[in-house]
Novice: 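Supplied in structure tokens, the structure appears directly below.
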Amino acid sequence: MAKYSEKAGEKVEKTMHEMKEGKLKSGRSGKKVTSKKQAVAIGLSEARKEGAKVPKKKS
């Protein structure tokens, strides 16, 4: 199993909460995110940008 840092987990938790409130928007289009998978991906992406320990994306 891949190891994620605590900070990455917190970031994903925050984005999931935003998604449930209907406040989470996707990148360029700015459309509302309704998918749980997409919310998790956004959270991990933001954590990666902040330098948290997140395994590499599968291409």
Side-chain angles (χ1 to χ4, degrees):
M1 188 71 202
K3 295 284 182 187
Y4 293 87
S5 67
E6 207 172 300
K7 188 164 184 136
E10 288 169 6
K11 199 72 178 168
V12 170
E13 191 178 332
K14 186 173 173 268
T15 54
M16 288 296 283
H17 188 70
E18 282 180 33
M19 192 252 316
K20 286 177 184 175
E21 288 182 338
K23 294 180 181 176
L24 186 63
K25 303 271 192 278
S26 67
R28 285 186 178 196
S29 64
K31 289 182 180 176
K32 196 189 300 182
V33 173
T34 54
S35 161
K36 285 182 184 178
K37 273 188 177 181
Q38 197 174 1
V40 170
I42 291 169
L44 290 176
S45 175
E46 287 177 6
R48 218 177 255 114
K49 283 178 190 169
E50 288 180 4
K53 186 183 171 213
V54 181
K56 287 192 172 85
K57 291 189 267 187
K58 291 181 180 177
S59 55

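All values derive from a computational prediction rather than experimental measurement.
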Novice: Sub-3.5 Å donor-acceptor pair from the side chain of R48 to the main-chain atoms of A8, do we have one?
Specialist: no
Novice: Using the side-chain contact (heavy atoms from CB on, under 4.5 Å) criterion, which residues pair with K7? Sequence neighbours excluded.
Specialist: S5, E50, A52
Novice: Considering only distance and modelled atom types, tabulate donor-acceptor pairs under 3.5 Å from the side chains of residues 13-23, sequence neighbours left out.
Specialist:
unit_1: K14; atom_1: NZ; unit_2: E18; atom_2: OE2; d: 3.3
unit_1: T15; atom_1: OG1; unit_2: K11; atom_2: O; d: 3.4
unit_1: T15; atom_1: OG1; unit_2: V12; atom_2: O; d: 2.8
unit_1: T15; atom_1: OG1; unit_2: A39; atom_2: O; d: 3.2
unit_1: H17; atom_1: NE2; unit_2: E21; atom_2: OE2; d: 3.2

Novice: In Å and rounded to the nearest 0.5 Å, what is the CD to NZ distance from Q38 to K32?
Specialist: 13.0 Å
Novice: Listed by chain and number, what are the side chain to side chain donor-acceptor pair (under 3.5 Å) partners of S26, not counting sequence neighbours?
Specialist: S29
Novice: Return yes when atom NZ of K25 has more than 12 non-hydrogen atoms of other residues, nucleotides or ligands closer than 6.0 Å, and no otherwise.
Specialist: yes
